[in-house]
There are 2 protein chains.
Amino acid sequence: MQPKLSTRQKRILKFIESFIEEHGYPPTIREIGEAVDIASTSVVNYNLNKLVEYGLLARSPEVSRGLRLVSADQPKEVPLKVADVAHLVQVPLVGKIAASAPVPLPGEDFGYYFDDDDVIDVPQSMLGKHRQGELFALRVTGDSMIDAMVADGDIIVLQRQNVAQNGEMVAVYLTERGETTLKKYYLEGKQVRLQPANPMMDPIYVDADQVNIQGRVLAVLRTLH
Amino acid sequence: MQPKLSTRQKRILKFIESFIEEHGYPPTIREIGEAVDIASTSVVNYNLNKLVEYGLLARSPEVSRGLRLVSADQPKEVPLKVADVAHLVQVPLVGKIAASAPVPLPGEDFGYYFDDDDVIDVPQSMLGKHRQGELFALRVTGDSMIDAMVADGDIIVLQRQNVAQNGEMVAVYLTERGETTLKKYYLEGKQVRLQPANPMMDPIYVDADQVNIQGRVLAVLRTLH
DNA sequence: CTTGACACAGAACATGGGTTCGGTCTATAA
DNA sequence: TTATAGACCGAACCCATGTTCTGTGTCAAG
């Protein structure tokens, strides 16, 4: 399904690649024609469709610049080589979390304008499904989260949200106790059961209206060095 | 030069970002308007120009989908991107670790020939100093590592080594007990003190010649999804 | 030689999509 | 009060751009 490409088709592919690199958006049919020295738009169109056949290109019909390069078959890279940059997410490290204090949440400028210093890189594969731009991270201080299997110095990555599904690990602020904690969340009638990650620990029960969900925990990261 | 963005402008930025992510090319003014719930194309145009003023966006006049996100705040631009890429390491996930079994170590082909499926991406910043090519990762099964603050399903990243400095967290195999465990290592005369990460747990003492160091723990990763 | 697939040219067509302009509404300054 | 600026709406304008159609020349199979 992948015969040799004609010279023109190769030039087209190369041009599209470099054009996107330079402009941030794909070229039009006419721009391609000019670059590859094809007089007629229909011929460019013809060759683009060929490239789609070969699985090297994706097109969105009736959409201007509706081109997308399909990641050609990647001959497996050298082991321990760098991975794709697209799989790396930068998460702002907005503060610290401890049992005695509320969770510091990112401000209005969520997702923009944060210092480079307070950003951690996380592979997207570690985060699963999440909403882009609503991630933040906290450094745990103290040993108060031991029942959540979280140690002093750990970093937790959260997605900002105020509600949770049963079974999700969330950061909650208990208004009555004035206390922050990480627990698995289970709504049971008017009460909420907060279950520690450590299976040897007992759950606690609190009224639902005293549970203030700060975010869902996506990952816990611990580095030893 | 960079006042607070309006809600609309933030939504526009986010939408452009995710649209490009999804389609490979930027959205049109009308697509933005639909997504951000703006009725008039002129208003979208108006806000886009605002974002250009703020230096968050670049536009190509008279060009359909002529949008480009400007890397928000980047004093140093290209270097940062390059550095980011270089900071991602692929670590082979060579097996599982449990208290009852020895640590599965990578075979002779260390660093070469491992399946793509069993590789995890880790930012180099999480690993600190390590020797390239001698990293491996293990998935923890069971709750036997609770005293090390490591839960069922966690992934630990190790560097292969047979000796350790005092205070380092290591994976050790205790020949007499036939048991694998994660502890902080302290050589004290002829004995070794193995200290759990959990400060509430007591250390154990074993003869030095019965402690078989499998590797040094560089990181512990927990994903919840 | 005839046929038909293939690559191409040129032009017409229709819609996609950026731009412009007059007008409304609100808030703050004069 | 009026005035001015910012944010917004709606509609028109018109070039940009994907699509389609007719037609050419080539080449290998029949």
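So that the names make sense, note that chain A is the first sequence line, chain B the second, and so on, each numbered from 1.
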**OP:** Would you mind reading off the distance between Leu51(B) atom CG and dA7(D) atom P, rounded to a whole angstrom?
**Re:** 11 Å
**OP:** Grab the CD1-C1' distance between Ile12(A) and dC8(C) for me, whole Å please.
**Re:** 12 Å
Can you give me the N/O atom pairs linking the protein to nucleotides 23-27 of chain C at distances under 3.5 Å, or say none if there are none?
none

**OP:** Find the distance Asn47(B):CG to dC8(D):P and express it as a whole number of Å.
**Re:** 5 Å
Original post:
Which nucleotide sits closest to the side chain of Tyr46(B): dA9(C), dT20(C), dG6(D)?
Top reply: dG6(D)
Subject >> Between C1' of dT20(D) and CG of Leu48(A), the distance in whole Å >> reply: 15 Å
Original post:
Out of dC6(C), dA9(C), dG10(D), which nucleotide sits closest to the side chain of Ser40(B)?
Top reply: dG10(D)
**OP:** Show your reasoning for whether salt bridge (Lys or Arg N to Asp or Glu O under 4.0 Å) applies to Asp37(B) and Arg11(B).
**Re:** CA-CA 10 Å; Asp37(B) 209 44; Arg11(B) 290 184 64 193; 5.9 Å; no
**OP:** Considering non-hydrogen atoms only, spot the tightest contact between Val217(B) and Val220(B) and give its length.
**Re:** CG1-CG2, 4.2 Å
**OP:** From the options dG17(C), dA11(D), dG10(C), select the nucleotide whose nearest atom is closest to the side chain of Ser42(B).
**Re:** dA11(D)
Original post:
Do you know which two heavy atoms are closest between Phe136(B) and Gln159(B), and how far apart they sit?
Top reply: CE2-C, 4.2 Å
Original post:
With nearest nucleotides of DNA chain D determined for Lys50(B) and Glu62(B) from heavy-atom distances, which residue corresponds to the more 5′ nucleotide?
Top reply: Lys50(B)
**OP:** Starting from the 5' end of DNA chain D, give me the residue, Val43(B) or Ser64(B), whose nearest nucleotide shows up first.
**Re:** Val43(B)
Original post:
What pair of heavy atoms forms the shortest contact from Ile32(B) to Phe15(B), and how long is it?
Top reply: CA-CE2, 3.7 Å
**OP:** Identify, residue by residue, the members of residues 27-36 of chain B with a heavy atom below 4.0 Å from DNA chain D, and return them in order of residue number, or none.
**Re:** none
Original post:
What pairs of residues pass the side-chain hydrogen bond (donor to acceptor under 3.5 Å, both in side chains) test when at least one of them lies in residues 195-205 of chain A, not counting sequence neighbours?
Top reply: Arg193(A)-Gln195(A)
Original post:
Should the pair His23(A) and Tyr25(A) be assigned to parallel (<30°), tilted (30 to 60°) or perpendicular (>60°) ring geometry?
Top reply: tilted
Original post:
Does Thr28(A) offer a backbone N or O that forms a donor-acceptor pair with the side chain of Glu31(A) under 3.5 Å?
Top reply: yes
Original post:
How long is the line joining CG of Asp37(A) and C1' of dA7(C), in whole Å?
Top reply: 15 Å
**OP:** Start with the C-alpha distance between Leu158(B) and Arg216(B), add both sets of side-chain angles, then the distance that settles side-chain contact (heavy atoms from CB on, under 4.5 Å), and finish with yes or no.
**Re:** CA-CA 5 Å; Leu158(B) 306 168; Arg216(B) 176 165 61 96; over 6 Å; no
**OP:** Find the distance Gln9(B):CD to dA7(D):C1' and express it as a whole number of Å.
**Re:** 10 Å
Subject >> d(CZ, Arg59(B); C1', dG18(C)) in whole Å >> reply: 7 Å
Original post:
Under 3.5 Å, is there a donor-acceptor pair between the side chain of Gln214(A) and the main chain of Asn212(A)?
Top reply: yes
